[in-house]
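Below: the structure, in structure tokens.
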Amino acid sequence: MTLSGILQSLDQDAVALYGYARDAAAQSATSIQAIRPESSTLLGFARGIGLQAAVLIMVAGLCWRLAGILLLRRRPQHALSRASWLGRVGGGAAMIFTRSFPRRTFLPRIGVSVGLSTVFHVGFFAILLGGAPHILIIHQLTGLIWPDLPKGVVVMISGLTLAAMLALLARRIAHPVMRLLSTPDDYLSWLAVFLPVLTGILLSGETIASYESLLALHILSVELMMIWLPFGKLMHGVLVFASRGAMGFNFARKGAAT
Amino acid sequence: MTAEETLGDMLARRGFSRRSLLKFAIAMTSSLALPPSAAPAMAANLAKSKRRSVIWLSFQECTGCLETLLRSASPTIESLMFDFISLDYQESLMAAAGAAAERTLREVVAANKGEYLLAIDGSIPAKDGGVYSLTGGRSNLDMLSEIAADAKAVLAIGTCAAYGGIPKAYPNPTGAVGVEDLVSNKPIVNIPGCPPVPEVLSGVLVHFVSFGTLPELDDRKRPLAYFGTTIHDQCYRRPFYDQGKFAKSFDDEGARQGWCLFELGCKGPITHNACGSLKWNGGTSFPIESGHGCLGCSEPDFWDKGGFYTSLAGGSEVGWRNAGVAAAIGVAGGAAAALSARSKVKADKAEPGIEP
Amino acid sequence: MTALAAFGEDGLVDALLMQIAGLLGRLAEHDEEGSIDLRGLPLSASCIADLEKRLGRGEVTAVIEAAGRSTIHETSFPGVWWISHADESGRMIANLIEVALVPMILRADPADIILSQRRLPGCTHVAAHARARAA
Amino acid sequence: MNAEAKPPQPPARAPDVAEVATAMRGFVSDFGPTAALALESCVHCGRCAEACQFYVQTGEAKYTPIHKIEPFKQAYEREVSPFAFAYRWFGLAPKVTGPELQSWQEMVYDSCNMCGRCSLICPMGIDIADLVEQARHGMFEAGLAPADYLGALAEKEHLTGSPFGLTITKFQDMLHAIGIEHGVVMHVDEARADIVPTVSSIDLKTYPASMAAIAKILNHMGASWTFRTDGFDADNVSLTAGDRQGQRTTTMGIVNAAIACGATTLLMPECGHSFTEMRWEAANEMGHALPFSVLQITEFLAEAITDGRIRVNKAQQKATYHDACQVSRRGGATAAPRVILKALGVDLHELEDAGDANWCCGGGGGVALINRAAPLRAKAFEIKQRQVEATGMETVFTSCSGCRQTLEHGGKATQWSTTVASLLELVADNLAS
């Protein structure tokens, strides 16, 4: 049974599985605006109800977590600030970017971690924002559109990103500090990002299995990432702006180095 | 023409040499993607075989499928096929009508019990007992089950007969379904397409008449020889797809250069059919070659898979109203969590005077 | 010039030539005939033209008028025949390389031979006179 | 000084459940969005370890800065985080146990100077130093502040307002004695004065000359100034021990003293944490802005030298300078010492990573007052020793008595020839007549 055979049968098993899920979802989702019925394939589910559910869960989770943090009582700061209010806001905004480039003195010790994570993050967003199909999705949602990278380039970048992720995982397992700090959330979040990139590469190759199965798997893995995002470590994608901004703002008050 | 006369004798009587029969067999083996060595065997079988009786029932259909199969302005090799079968019942083509037509149908069924082929075009409305499509006062639902019972095999011609097609599109008022949803104890061949590619029917009939079996089918009961690959895989514009050269509108520079139509909603990557290789109107062209994206008409529920001009990459659009509801739920939950946290934090101020 | 044709153009033609050589070998040793359906292979027009140039032309050319025109020519390699069939509207419906003593389609069919045997006596002078007397 | 408050007893055993609960509430008590953001944002990348002198020198993973607040993060997740209910229902963040909290004493106190170098490297912008300070609040309320020395001093400060139990009269006598010994006019407890220099007990005990130096400088300037023995001990050992109430009492004492004599400027002595406490936290504890400006001594000297109120001679010597973390990196006064040294004509050879990214001396944040932390301090000192020797300088100036004492102790242990000197005293010794 070749892999493509398995994926083919996966498509059929999923049809049955999907049938039950769809009926259950249909009954329970009465309040949500009637969603047009999708065809009975895995791809239909992935691009239909699956996508809808993933987006709704992500949006709800994001709002919940952000509200839960930002609505805590703010500690008033009365000490005389070294910077004006505008200076503090500027400090906050600046740090959002400068903290991505560690000070030269730290590089000898964290160069590997910085290098690998930069390759991964730049690669991941280059795929997301450079891949033609991705731009189309964003275009359909927001109307924005910009030139895309050739498919070959995106595939090559995906390879690099995948390699960086595997190296980072190896480091997280091997390095004593990383092993001490790591929780199941780290590994689940890693997987939730690894699968979309992996299925993306397989999809671009279009050889392992039929286009539909690969596209369905790719979209499902993205949906897994979207659903996990607000509840685990992936939230740092949003919190990084708030957290760095807050430190930049507060340190600018003290004129302290950031 | 007597029932016992073989095809070979019939052809000879009408001046068709065995060479033209062999030539026909060579053409069909090539179209069916069979090895060339199969041609002599096919020609021999065809010569020995009897003419197969075919009953064609039209249900909730637009006659587009029938027209495309018989339209051949110039007689093509495939049209020979209609000399090999005896189309005993077809409401649009036969002279008889009304009660006479019904009598003919009963006679044909009786005469060829268990041996005739049942070809169907159009979907079958199953809602409310099938009352939405009647022929001579009888619902298509009943006619199908009755006549399919004695058929040797069933050919569902066109996406409507195969998967329900356009009548089944949302909201599907008549409860239209495909043949495969109603008939289960008979070998079924789906020949989807709106309309289907004519050569496919000839290929299937020839295969059946000459080898007595249906050609190899895929998981959707479609002949693998014609539906094994996607339009995307056969498409001559594929290199542009790989280089990321996409037409952004139907009359921009990209479109004129014949670039890939992926961004204009082409459904080629998820559509299985033979348009890309056999092409239409005698090999003239096929939708993509004429500059329009493939609609995916041979796939189930092609009408509900998002707009014809929405690219494959786009998921079905997220309802902004739903997103608003989700956001509100999220904020409410977060606020509740924050308030309970604040109450806990305030409670710790046991020591008087320490500001929060 | 599609991307497919850009690379390996000559690779395809060479592979075909070697396959034809293999068929010739089987014909010579085991008297086995074989043929290659060119339409089943992803060949571009220039690829087929190149193949035709390589195979060259032999001494025999034949035309068959049966349900459309079919043309056959022997290549410069005896035993290797190039056959292309078209239907009445002139559309090509098959394009084959056949490796055989004589292409299958050229041979008269046994059933036709029996019919000929039955028909032939009819065109003798004796039969003609008999018909004239009977009329 | 409210003597009747219950003094924290150093426990012989692990805290019981009640004490752990108070500890956690202590940690959670001053929780705002910034602290919550910090605890929610950690991506477990491990880079903070690479900036911390204790991990870098020992290679032990347990000294990873963010790991030092792990139990408190668990408490946050259970009690205050947006998904607290889920953490509790699914048992994702178990309750912190007594023994576990006790074992964390080493992480929250012995191996953390709260120097903020980890906050400088954290890619997510988490102020880990601030979190450790808040964690100490929890530890203290669970009676887990280290008993030896730091705990004892904090207890005494809590009772008497001075970590060494100095009474006001004793303090006054010492000031006058220093005045006489150094031949300097000492203004003590005068009713009205513009400038109030505060005193740290380390200076009082080990570097009395610095009090004489500040007096000499202020007289040189002809400023109206006075020491206030009712506003004593800028050191605020309670802060580093995590005793929020003691910290607040000490701070209010100084603030009230300054208000009493109508001061316009409060000078913090050569000390790191006292500056942080008075400059950035005092106003919050008052609930409104302070009615006077607070300057670290180097800031004051730099300003006065620049605008000519202090005239100095050229000191004609080569030296290097060690930055106090709370003054430079955390306090934003990195430039002031350079201004002073330049004015004094000192040929300054900066240390590697000088200024904002400097390595901590290893004694700050109360660690110098924990005896069992000596081996850790020695490890941290090795970096500083290497850096100073790399400059080839004979003298290293600093403007924090804590650093000065730590570097001297470190130097004594390794027969270090370099002399550690105070910038304040250098200025006092080079005043133009």
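Within every chain, numbering begins at 1; the chains are lettered A, B, ... in the order of the sequence lines, protein sequences first and strands thereafter. Hydrogens, waters and symmetry mates play no part in the numbers below; they use all other heavy atoms, side chains included.
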Okay, B:Phe302 and chain A: the region with an atom under 4.5 Å from a heavy atom over there is neither

B:Lys186/B:Glu180 ion pair, N-O < 4.0 Å | no

How close do A:Ile127 and A:His134 get, heavy atom to heavy atom, and via which atoms?
-> O-ND1, 2.8 Å

Highest number of heavy-atom pairs under 4.5 Å with chain B: which of A:Gly50, A:Pro230, A:Gly152, A:Gly68?
-> A:Gly68

What do you reckon, is CD of B:Glu216 surrounded by more than 12 foreign heavy atoms closer than 6.0 Å?
-> no

Looking at A:Val154, A:Val155, A:Leu72, which one has more heavy-atom pairs under 4.5 Å with chain B than the rest?
-> A:Leu72

May I ask you to check whether B:His232 and B:Tyr241 place their ring centers less than 6.0 Å from one another?
-> yes

Checked B:Pro269, B:Ala336, B:Ser340, B:Ala332 vs chain A; the most non-hydrogen pairs under 4.5 Å come from B:Pro269

Could you tell me which portion of B:Lys245 (side chain, backbone, both or neither) has an atom closer than 4.5 angstrom to a non-hydrogen atom of chain A?
-> neither

Given the options A:Lys151, A:Arg65, A:Met58, which has more heavy-atom pairs under 4.5 Å with chain B than any of the others?
-> A:Lys151

Check the angle between the aromatic planes of B:His292 and B:Tyr309 and answer parallel, tilted or perpendicular using the 30° and 60° thresholds.
-> perpendicular

